[in-house]
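Along the sequence shown, the residues carry numbers beginning at 1. Numbering of ligands and ligand atoms starts at 1, following listing order. Source: prediction; values computed, not measured.
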Amino acid sequence: MAAGKKEFLVLENFIGGKFLPCNSYLDSYDPSTGEVYCKVPNSGKEEIEAAVEAAREAFPAWSSRSPQERSLVLNRLADLVEQSLEELAQAESKDQGKTLTLARTMDIPRSAQNFRFFASSILHHMTECTQMDHLSCMHYTVRTPVGIAGLISPWNLPLYLLTWKIAPAIAAGNTVIAKPSELTSVTAWMLCKLLDKAGVPPGVINIVFGTGPRVGEALVSHPEVPLISFTGSQPTAERITQISAPHCKKLSLELGGKNPAIIFEDANLEECIPATVRSSFANQGEICLCTSRIFVQRSIYSEFLKRFVEASKKWKVGIPSDLSANMGALISKAHLEKVRSYVRKARAEGAQILCGESVDQLSLPLRNQAGYFMLPTVITDVKDESCCMKEEIFGPVTCVVPFDSEEEVIKRANSVKYGLAATVWSNNVGRIHRVAKKLQSGLVWTNCWLIRELNLPFGGMKSSGIGREGAKDSYDFFTEIKTITIKH
Ligand SMILES: NC(=O)C1=CN([C@@H]2O[C@H](COP(=O)(O)OP(=O)(O)OC[C@H]3O[C@@H](n4cnc5c(N)ncnc54)[C@H](O)[C@@H]3O)[C@@H](O)[C@H]2O)C=CC1
Ligand SMILES: N/C(=C\C=C\C(=O)O)C(=O)O
């Protein structure tokens with residue numbers, strides 16, 4: 001390398017158990033500095049063809065292994081991810097912009113847990129049997145892996161969401177072709193280095209890097225990939241649905257949210273305020289489960305707002321390696337501009353910006369001043385019809401509005417196209433059950449946020465997606481069911 005010339009981390013595709021270079025590469029940025037630091041393969045149809053061939057060859061042997069044998073491999077992968085926790089967390093934080101603390105305590109531990117969880121749950125599935133004695137018949141169901149699974153994941157929780165798809169797919173006996181987001185590909189590439197040691201045979205997990213329109217569409221439209229699991233935005237899901245429709249592919253779509261927090265006057269504000277700050281701003285607000293509409297009962301509205309703004313101002317934005325930071329950088333310049341534009345639109349509509357963007361000053365070290373940082377921003381005096389109350393912003397921006405009655409708040413909470421996650425804060429158990437049941441939301445957390453039970457269904461209603469993931473739901477999705485009738 002010539003003096004003064006910058007060295008980049010150069011990723012390679014992983015196909016058939018081998019790292020393979022690509023003809024062209026994409027720039028990948030460090031969100032905390034705005035500088036290019038990594039080159040990501042810009043793959044296309046050719047690489048998908050090679051991956052399909054490898055996955056097709058690996059399928060008969062892998063799908064014939066017993067669940068116990070596959071479970072051992074998944075457990076070894078979990079061990080290896082845990083052993084590489086620090087290295088993976090450092091890489092995830094640099095690549096995505098999230099704090100090192102969050103990558104260490106949430107992203108990477110959960111990635112290991114995904115493998116360990118499905119290593120266990122695959123051992124416990126049962127099928128059904130019924131009898132028709134009057135016809136001397138019995139009927140039973142069998143489940144078989146679907147084949148080659150196409151897995152497409154986003155940039156907000158890169159390894160966490162990728163492994164949430166890979167683990168159940170291979171546990172059920174499928175082989176996979178995964179396409180991580182082109183914005184955050186590094187930890188997926190690092191995972192490939194662990195596969196051989198874990199005993200994953202060549203071709204069982206193939207990872208192909210590149211953009212959605214090029215390599216993503218080549219994967220989705222491939223006739224030999226009968227199943228697509230996708231997490232990302234609603235417009236991309238629409239496109240995937242269109243492309244896969246002629247092939248009648250199985251689809252699981254985990255999409256966005258416009259998640260309400262409903263705070264009744266009997267809520268414990270000591271617990272509710274810090275939890276709602278976290279649910280609004282964790283991971284820079286870049287989690288599909290983040291709160292972005294806070295409905296507060298009028299009798300406690302002023303007190304809540306004052307305390308919530310105070311707490312939001314203490315949610316520290318810092319460089320990702322700063323262990324005292326609560327929030328790092330947003331994913332990209334384009335995304336930062338998009339999130340900021342919502343704050344400008346709110347102001348133009350007459351809303352008040354109580355803290356954050358355009359109100360407070362962000363202080364950053366010199367080398368991070370071109371990074372994609374933004375302060376946690378709280379908006380009020382905003383109408384339910386405003387785009388800030390309707391559209392997914394996917395950044396550190398949350399709106400706080402008052403409400404009067406239970407009936408009214410349910411109606412308003414349900415008045416958006418999304419239906420992913422809600423939180424309800426109250427000490428009245430009857431009210432909690434009533435409200436939770438009436439909310440159009442795949443997940444409702446009461447008096448808490450983001451406590452995950454991986455056994456139970458995860459997914460959204462309305463434009464938040466199709467299908468559910470979890471122990472039984474993922475098994476159902478990644479297998480085909482057949483009913484067999486025996487006359488005896
Ligand atoms: N889980 C969620 O709710 C997420 C929501 N978003 C939302 O989406 C917005 C845009 O973010 P993007 O990164 O552009 O999300 P996206 O939905 O475009 O990207 C997600 C994944 O889909 C792939 N992809 C994109 N176009 C594709 C296509 N035509 N065919 C196949 N794969 C394709 C991408 O390469 C990436 O791997 C964000 O501002 C946010 O509002 C983004 C990421 C996650
Ligand atoms: N799908 C997303 C988050 C999932 C979290 C979980 O399974 O615990 C997302 O942010 O896109």
When you measure from the centre of the six-membered ring of Y37, is the NZ or CZ of K94 closer than 6.0 Å and no more than 45° off the axis? yes

Applying a heavy-atom distance cut-off of 4.0 Å, which protein residues contact ligand 1? I152, S153, P154, W155, N156, K179, P180, S181, E182, G212, G216, E217, F230, T231, G232, S233, T236, R239, I240, L255, G256, C288, H335, K338, E392, F394

Taking side-chain contact (heavy atoms from CB on, under 4.5 Å) as the criterion, tell me which of V220, V215, T231, T236 meets it with I152. V220

[X] with [Y]: basic N within carboxylate O range, under 4.0 Å:
X    : Y   : answer
K18  : E12 : no
E53  : R56 : no
E286 : K98 : no

Counting only heavy atoms and a distance below 4.0 Å, can you name the residues contacting ligand 2? R110, N156, L157, Y160, L161, T231, I287, C288, L289, R452, F458

Salt bridge (Lys or Arg N to Asp or Glu O under 4.0 Å): which pairs involve residues 455-466, sequence neighbours left out? none

Counting the benzene-type ring for Trp, do W425 and F295 have ring centres under 6.0 Å apart? no

Listing, residues 371-381 side-chain donor-acceptor contacts under 3.5 Å, not counting sequence neighbours, or none:
| unit_1 | atom_1 | unit_2 | atom_2 | d |
| --- | --- | --- | --- | --- |
| T377 | OG1 | E357 | N | 2.9 |
| T377 | OG1 | L375 | O | 2.8 |
| T380 | OG1 | Y301 | OH | 2.6 |
| T380 | OG1 | V400 | O | 2.9 |
| D381 | OD2 | Q352 | NE2 | 2.6 |

Over 60° means perpendicular and under 30° means parallel, so tell me whether F19 and W189 are parallel, tilted or perpendicular. perpendicular

